[in-house]
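Encoded as structure tokens, the structure appears first; notes follow it.
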Amino acid sequence: YDGPIADRLGFGALLITDSNGALETSKFQGSVSYTIDAPVNKIGFGLSAEFIQHGLSNDVFTSQLVSTDDMLILQRLDGASYFDVSFGVYGLYNGKLSYGLSLPSLVSSRIESTNVLEEREIGYLFNVGYKFDQLDSGLILEPSLIVKKLMNVPFHADINVLGRFLDDKFQGGITYTVGADEKLGFLIGVGVNAINISYAYNASRHEFQSYNNGSHELSLRFNISRRK
């Protein structure tokens, strides 16, 4: 959920559960934002706090490649919990040029008492995009670039193009990732009144792809609008 709670002040809440192979991640996040709405440039600042739980599925031991007495895997089965604080800024210039910078896990603390010394590295996500809306047949194209450098994640960038048709009733997009990872993905979506359904698929060109059939993401969104 995200929406306004006062003039220029917003609130957000996010709950995520993710399963990627044997890795399981759960996250709860709350955030607040403040927006400066100038005539040409609209810019918002956000601050979030989140609880993150990492762990491994018990199914990890079904693989013949895994030793059941591996101490590292046994420790990961118990999981690791973190409390993080992040900061971000997002702007829209002249209604078409979008830009943003976020600093995830700017402050991070592990909840469990542990003797393991974990090195912290401040990462970032930077994005810039532009909206072309003066095209034929009501087509809107939005090319964008997202650059990422996160802790334990090597540098990579996403090159994206999103197309919207018939007053946002239909959406289609493609993304190509370069850098430490190289993958290709696409997205299709349909919107009916306040409901939006989208499906995305990504396939990597690295050896990792031989161990899975790519990533699938199905999203369902409800838009509860205020009165105009």
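Sequence positions, counted from 1, serve as the residue numbers for this chain.
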May I have the step-by-step check of side-chain contact (heavy atoms from CB on, under 4.5 Å) for F87 and S102, ending in yes or no? CA-CA 6 Å; F87 172 79; S102 62; over 6 Å; no

Would one find more than 12 heavy atoms of other residues, nucleotides or ligands at under 6.0 Å from atom CG of N41?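 Correct, the count exceeds 12.
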
What do you reckon, is CZ of F165 surrounded by more than 12 foreign heavy atoms closer than 6.0 Å?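 Yes, because the 6.0 Å sphere around CZ of F165 holds more than 12 heavy atoms from other groups.
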
Quick one: do the [X] and [Y] side chains pair a donor with an acceptor below 3.5 Å?
| X | Y | result |
| --- | --- | --- |
| S81 | Q53 | yes |
| T175 | D158 | no |
| D18 | T25 | no |

Side-chain heavy-atom pair [X], [Y] within 4.5 angstrom cut-off:
| X | Y | result |
| --- | --- | --- |
| V85 | F83 | yes |
| Y90 | S98 | yes |
| K149 | F126 | no |
| I5 | V32 | no |

[X] side, atom [atom1]; [Y] side, atom [atom2] - distance, nearest 0.5 Å:
| X | Y | atom1 | atom2 | value |
| --- | --- | --- | --- | --- |
| S86 | E50 | OG | CD | 5.0 Å |
| R221 | N223 | CZ | CG | 6.5 Å |
| S198 | L218 | OG | CG | 7.0 Å |
| I52 | S108 | CD1 | OG | 7.0 Å |
| K42 | N94 | NZ | CG | 13.5 Å |
| L14 | S48 | CG | OG | 9.5 Å |

Could you walk me through whether Y199 and E217 pass side-chain contact (heavy atoms from CB on, under 4.5 Å), step by step? CA-CA 6 Å; Y199 167 76; E217 180 176 324; over 6 Å; no

Apply the test side-chain contact (heavy atoms from CB on, under 4.5 Å) to residues I122 and L106: give CA-CA distance (whole Å), side-chain angles for both, the deciding distance (0.1 Å), then the verdict. CA-CA 6 Å; I122 297 179; L106 188 61; 4.1 Å; yes

In a check of side-chain contact (heavy atoms from CB on, under 4.5 Å) between K148 and each of T177, L125, N127, V153, which one passes?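 Result for side-chain contact (heavy atoms from CB on, under 4.5 Å) with K148: L125.
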
Check whether [X] and [Y] end up in the same hydrophobic cluster, where Ile, Leu, Val, Met, Phe, Trp and Tyr are linked by side-chain heavy atoms less than 4.5 Å apart.
| X | Y | value |
| --- | --- | --- |
| L9 | Y1 | yes |
| I43 | L47 | yes |
| V161 | V147 | yes |
| V178 | I146 | no |
| I197 | L187 | no |

Test K96 against D133 for salt bridge (charged side-chain N to carboxylate O under 4.0 Å, His left out), laying out the working first. CA-CA 9 Å; K96 294 185 177 182; D133 55 3; 3.5 Å; yes

To check you understand the geometry: which heavy-atom pair defines the closest contact between [X] and [Y], and what is its length?
| X | Y | answer |
| --- | --- | --- |
| S57 | E24 | CB-OE2, 3.4 Å |
| Y99 | L92 | CE2-N, 4.0 Å |
| A80 | R110 | CB-NH2, 3.5 Å |
| L23 | G55 | CD1-O, 3.4 Å |
| N196 | G191 | ND2-CA, 4.0 Å |
| G185 | N202 | CA-OD1, 3.5 Å |

Can you check ring pair (Phe, Tyr, Trp, His ring centres under 6.0 Å) on F132 and Y130, steps first, answer last? CA-CA 7 Å; F132 296 91; Y130 193 84; 4.9 Å; yes

Checking side-chain contact (heavy atoms from CB on, under 4.5 Å) for the pair K131/R164: CA distance, chi angles, key distance, verdict? CA-CA 10 Å; K131 181 172 69 173; R164 297 187 278 132; 3.6 Å; yes

Which word best sums up how the rings of Y82 and H54 line up, parallel for under 30°, tilted for 30 to 60°, or perpendicular for over 60°?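 Rings of Y82 and H54: perpendicular, as their planes differ by over 60°.
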
